[in-house]
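The block underneath contains the structure these notes are about, expressed in structure tokens.
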Amino acid sequence: RIDGGNAPDLALFPQPGLMADLARSGSLISLDSFLDSDQLNAAYGNDWLQLGTVDNALYGLWARADLKSLVWYRPDVFAEQGYTIPSTWDEMLTLSNQMAADGTTPWCIGIESGSATGWVGTDWIEDIMLRTAGPDVYDQWVQHQIPFTAPAVANAFEAFGAIALNSDYVYGGSVGIMSTPFGDSPLPLFSNPPGCYFHRQTNFIATFFPEDIKVGEDVDVFLLPPIDPTWGTPILVAGTAFAMLNDREEVRAAVEYLLTPDPHEMWVAQENYISPHQQVSLDAYTNSFMRTQAQLLNEAETIRFDASDLMPGVVGTGTFWTGVVDYVGGRDVDTVLETIEESWPEN
């Protein structure tokens, strides 16, 4: 529609990288020209404002957030086995070793997703990058200020591989990881006895659970534990932002309304919806489980957006995704990272 000269007044962007491309091409309207900075700062934390900013101008207001740094587990099974929720990465690996020694399989992972196969693995690597290298290095990686072949990136791949490439750890092994659709991958969690005990995945995976499963009761979550205590427990997110393409009085009025908590409180009353708007009352969440997720988001010290959605498409939704598949399939990490690095656009 933009190319045809018929741009919509507002557009929704689940990938900030595309929003940034359109902002730089002159297709989007900067919101700084008419939105009050005090209102903006009251509505969104700095991390969210920065995620909507391109070249020092604000273009995006966030409508929705999805938490990706979640590990799903069954409280009843943990209680029965005497397992406790790990508070560090080492504790999580120790518990995984204990489960394997007990003759059970700790993890379920599935990265098959049609043309998007691999994104589940990139989420793992992004979460690990935040926990091992910290948010500043993560930002440098996203902006290609450090190459994909940097030691910090290789370390994140190998930390993922320590779980994914361990046949004692993952249900179905590496073949299962590559062939299992991501929506089906948590299902062994619910068999009796369980086929696995952990599943790291975003909050929306609950829509793929069996209908009789009560989220928050039959299955619950904890945040993926910290690795380096320096960086604490950051939260990796995805989300959807509004941007403005036509500058008219009524479009400005719509954007000003979207900056208020009112529409957000209506949205979060729906099932499986979280708003990053910090003025939204937790009481607006009709689902207690989603209310807990919103509280985790509100209390997070560090939030970063999915790196693959921020990178140029040829990399983030291209060679990064396929590189994860190659890595799980047995290709060495150096070759994988060199291939991704070579694909990064020169400009």
Side-chain angles (χ1 to χ4, degrees), residues 16 44-51 53 65-73 84-97 106-107 109 120-166 169 198 200-203 221-239 276 278 292-311 316 320 324 327 333-334 336-337 340-341:
Y44 295 99
N46 185 62
D47 284 346
W48 287 103
L49 291 175
Q50 288 303 310
L51 282 169
T53 297
D66 289 301
L67 277 65
K68 294 201 165 195
S69 305
L70 302 177
V71 181
W72 296 82
Y73 75 104
T84 57
I85 296 173
S87 59
T88 68
W89 189 270
D90 286 343
E91 288 181 8
M92 188 177 73
L93 294 182
T94 298
L95 181 53
S96 297
N97 286 332
W107 293 91
I109 305 173
V120 173
T122 64
D123 283 1
W124 269 90
I125 291 161
E126 291 156 6
D127 248 335
I128 293 169
M129 277 284 290
L130 284 172
R131 284 158 173 72
T132 54
D136 290 344
V137 173
Y138 183 93
D139 293 342
Q140 293 167 11
W141 175 49
V142 168
Q143 297 163 19
H144 205 220
Q145 294 172 358
I146 62 170
F148 243 94
T149 52
V153 185
N155 178 64
F157 263 78
E158 290 171 343
F160 168 58
I163 292 175
L165 302 184
N166 186 333
Y169 270 18
F198 291 133
R200 183 225 156 272
Q201 188 52 276
T202 184
N203 53 273
V221 296
F222 60 88
L223 287 176
L224 192 69
I227 300 177
D228 183 338
T230 303
W231 311 120
T233 310
I235 292 182
L236 183 71
V237 299
Q278 58 191 11
T292 301
Q293 305 313 298
Q295 187 168 1
L296 288 173
L297 185 66
N298 290 345
E299 295 174 353
E301 293 183 7
T302 301
I303 295 169
R304 285 297 184 273
F305 205 90
D306 183 309
S308 64
D309 286 341
L310 296 172
M311 293 173 179
F320 191 8
V324 166
Y327 180 62
V333 68
D334 290 337
V336 168
L337 296 183
I340 301 172
E341 174 61 23

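Within the 4.5 Å cutoff, the side chain of Val153 has no heavy atoms near those of the Ile340 side chain. Side-chain contact check for Leu224 versus Met92: some heavy-atom pair is nearer than 4.5 Å. Using a 4.5 Å cut-off on side-chain heavy atoms (C-beta onward), Thr233 and Arg131 make contact. Using a 4.5 Å heavy-atom threshold, the side chains of Leu297 and Trp48 count as touching.
A donor-acceptor pair under 3.5 Å links the side-chain atoms of Glu341 to the main chain of Phe148, judged by distance alone. Of the possible donor and acceptor atoms, none in the side chain of Asp66 sits under 3.5 Å from a partner among the backbone N and O of Ala238. Panel note: side chain Ser69, backbone Leu223; no donor-acceptor pair is recorded below 3.5 Å. At distances below 3.5 Å, not a single donor-acceptor pair connects side-chain atoms of Thr88 with backbone N or O atoms of Pro226.
Contacts classified as salt bridge (Lys or Arg N to Asp or Glu O under 4.0 Å) and involving residues 136-160 (residues at least two apart or in different chains) are given here: Asp139-Arg304.
Crowding of Glu91 atom CD: a count of heavy atoms from other residues, nucleotides or ligands under 6.0 Å exceeding 12.
Between Tyr169 and Ser96, the closest heavy-atom pair is CZ-CB, 3.7 Å. Summarising the geometry of Leu95 relative to Pro86, their closest heavy-atom pair is CD2-CD, 4.3 Å, with the distance given to 0.1 Å. Taking all atoms of both residues into account, the shortest heavy-atom contact from Gly121 to Val324 is CA-CG1, 3.7 Å. Here the closest non-hydrogen pair linking Ala65 and Pro276 is N-CD, 3.9 Å. Of all heavy-atom pairs between Leu130 and Pro135, the closest is CD2-CA, 4.1 Å. The two residues Gly161 and Tyr327 make their nearest non-hydrogen contact at CA-OH, 3.5 Å.
Residues satisfying the ring pair (Phe, Tyr, Trp, His ring centres under 6.0 Å) criterion with Trp124, sequence neighbours excluded, are Trp107, Phe160. In this view, Asp306 and Lys68 satisfy the salt bridge (charged side-chain N to carboxylate O under 4.0 Å, His left out) rule, not counting sequence neighbours. Checked against side-chain contact (heavy atoms from CB on, under 4.5 Å), Ala307 has the following partners two or more places apart in sequence or in another chain: Glu126, Tyr138, Trp141, Val142, Met311. The side-chain contact (heavy atoms from CB on, under 4.5 Å) search around Ile85 returns Tyr73, Phe222, not counting sequence neighbours. Under the side-chain contact (heavy atoms from CB on, under 4.5 Å) criterion, Asp228 pairs with Thr230, Trp231, sequence neighbours left out.
Between Ile128 atom CD1 and Asp123 atom CG the span is 11.0 Å, to the nearest 0.5 Å. The CG atom of Leu70 sits 8.0 Å away from atom CZ of Arg200, with the distance rounded to the nearest 0.5 Å. In this structure, the separation between CG on Asn203 and OG1 on Thr292 is 12.0 Å, given to the nearest 0.5 Å. Distance check, rounded to the nearest 0.5 Å: OG1 of Thr94 to CH2 of Trp89 gives 12.5 Å.
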Go through it in stages, so that I can follow the logic: the residues are Ile109 and Ile163, the test is side chain to side chain contact (heavy atoms under 4.5 Å, CB included), and I'd like the CA-CA distance, side-chain angles, deciding distance and then a yes or no.
CA-CA 10 Å; Ile109 305 173; Ile163 292 175; 4.3 Å; yes
Evaluate side chain to side chain contact (heavy atoms under 4.5 Å, CB included) for Leu236 paired with Thr202, printing each intermediate quantity in order.
CA-CA 9 Å; Leu236 183 71; Thr202 184; over 6 Å; no
